[in-house]
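All remarks here apply to the structure that follows.
Small disclaimer: the values here were computed from a predicted structure and weren't measured.
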Amino acid sequence: MTRLNLKAVISGLALSLAVAAPLTLAVPAQAQLFSIDQDDADKGPPIEWDKKRLERLDRNVRKLENAISKYEGRNAKNPGPPALIEPDPEVVALQATVATMSRKVDDQAQQITTLTGQLEEARYANTQLAQKNQALEVRLDTLTKRVDMQDAHLKDIDAALAGPPPPPPTTGTAEGDFDQAYSLLTNGSMEDAERAFTEFTTKWATAPQAAEAWFRLGQIRSTRGDVSGSVAAYATSLKGWPKTSWAPEATVKLAAALGQTDAPKACVALTEFNKRYAATASAPIKSQAKALATKGKCA
């Protein structure tokens, strides 16, 4: 930094004004010339000083005097000549760069603020859209369930109007039709087997296999939870207390079904079992009969 003594500058300016004292002011608006030393004359043409330049120079001198007075007043405890420090070009350039970067940072901050606002608006719109989608999904699910219920209802109506499907075609003989129905039962086609045995008890009511057909119907109806239907089927199969391999089981099954609706009649059935079939019944059937008697408190 170059330090210039302000008082020396003022002294130089005052000296210049003193040298310029012998001015001739023929016309105030015309340019005037200061007398100069011979050495200065050798350096070039004399400097022309008009009134405006002198007034501007006088104002500058007064400003410098005011600045010095203020400086001396602030530094009365530590007097010293004020110094004018020339700004460092690198510092000036750095300040300009910092100012430019500061403006860029401000611009970027404004852009970030704008983008943040846009992002918040997008998030809000997305939330609203998600809520609408959820409401539509709930409504669609409700409508889908209603449609499924209507379809099921229509199928029930169609089934009621159409009636039960026909039984399997007859083989032409009682033995053949019974074997066909029994095959359906053992294969797990319960509905087809029930229709086949029902058809058999109607078409071949007096055939030797009719009683067993009723017993098999009782088994199928018990599996389906048709208590009254199974009681009727078991009771029909036991008319005359047949001496067959399935009669003991049919009697115990009849007692079990009666135990759900009529306990005294269940005990009657167990009494008939003990009298007619207990001696030839299998161990599981005997055990089941005993358990039913205990449960029904049969004497």
Side-chain angles (χ1 to χ4, degrees), residues 94-169 180-202 214-234 249 252-263 266 284 288 291-292 295-296:
L94 182 59
Q95 291 176 341
T97 302
V98 170
T100 302
M101 294 178 65
S102 178
R103 288 193 298 272
K104 290 183 178 180
V105 169
D106 292 340
D107 293 341
Q108 291 177 355
Q110 182 62 35
Q111 292 177 359
I112 291 174
T113 302
T114 302
L115 292 175
T116 301
Q118 294 176 353
L119 179 60
E120 292 297 330
E121 292 178 357
R123 287 178 178 174
Y124 178 76
N126 188 40
T127 301
Q128 296 295 316
L129 182 61
Q131 292 176 353
K132 290 181 180 179
N133 288 339
Q134 186 177 5
L136 289 175
E137 288 178 358
V138 172
R139 185 179 179 185
L140 179 61
D141 183 62
T142 302
L143 292 175
T144 302
K145 290 180 180 178
R146 291 176 61 183
V147 171
D148 292 340
M149 292 177 62
Q150 292 295 330
D151 288 342
H153 184 61
L154 290 175
K155 289 180 180 179
D156 292 340
I157 293 176
D158 292 339
L161 294 176
Q180 179 176 253
Y182 189 79
S183 177
L184 291 171
L185 177 62
T186 55
N187 290 332
S189 301
M190 304 296 287
E191 293 183 359
D192 292 338
E194 183 177 11
R195 285 192 294 270
F197 279 121
T198 301
E199 180 68 15
F200 185 91
T201 58
T202 302
W214 280 110
F215 168 64
R216 301 303 176 185
L217 279 173
Q219 287 181 314
I220 295 171
R221 291 172 182 176
S222 295
T223 303
R224 290 174 43 232
D226 183 2
V227 177
S228 60
S230 63
V231 168
Y234 286 133
E249 181 181 355
V252 174
K253 295 289 186 182
L254 174 61
L258 287 170
Q260 300 181 51
T261 57
D262 195 337
Q288 184 178 1
L292 288 172
K295 182 179 180 181

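Paired with Gln219 under the rule side chain to side chain contact (heavy atoms under 4.5 Å, CB included), one option of Glu249, Met190, Lys253 passes, and it is Glu249.
Note that CG of Leu258 is 10.5 Å distant from CG of Leu292, once rounded to the nearest 0.5 Å. Taken from CD1 in Ile112 to CG in Asp107, the straight-line distance is 11.0 Å, to the nearest 0.5 Å.
Other residues, nucleotides and ligands contribute at most 12 non-hydrogen atoms within 6.0 Å of the CD atom of Gln134.
By the 4.5 Å heavy-atom criterion applied to side chains, Leu184 and Pro168 are counted as neighbours. Under the 4.5 Å side-chain criterion, counting only non-hydrogen atoms from C-beta, Phe197 is in contact with Tyr182.
Of all heavy-atom pairs spanning Tyr234 and Ser222, the tightest one is OH-OG, 3.4 Å. Smallest separation of non-hydrogen atoms from Ala193 and Leu185: CB-N, 3.6 Å.
Using modelled atom types, one side-chain atom of Arg221 and one backbone atom of Gly229 make a donor-acceptor pair closer than 3.5 Å. In this structure, the side chain of Ser183 does not engage the main chain of Gln180 through any donor-acceptor pair within 3.5 Å. Distance alone, capped at 3.5 Å, is enough to place a donor-acceptor pair between the Ser230 side chain and the Asp226 backbone.
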Discussion item. I'd like to know whether Thr198 forms a side-chain hydrogen bond (donor to acceptor under 3.5 Å, both in side chains) with Arg195, so could you lay out the CA-CA distance, the side-chain angles of the two residues, the decisive distance to 0.1 Å, and finally the verdict.
Written reply: CA-CA 5 Å; Thr198 301; Arg195 285 192 294 270; over 6 Å; no
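Taking the charged nitrogens against the carboxylate oxygens, Arg224 and Glu194 do have a contact shorter than 4.0 Å, which makes a salt bridge.
Among residue pairs with one or both ends in residues 123-141, those qualifying as salt bridge (Lys or Arg N to Asp or Glu O under 4.0 Å) are Glu120-Arg123, Asp141-Lys145; sequence neighbours excluded.
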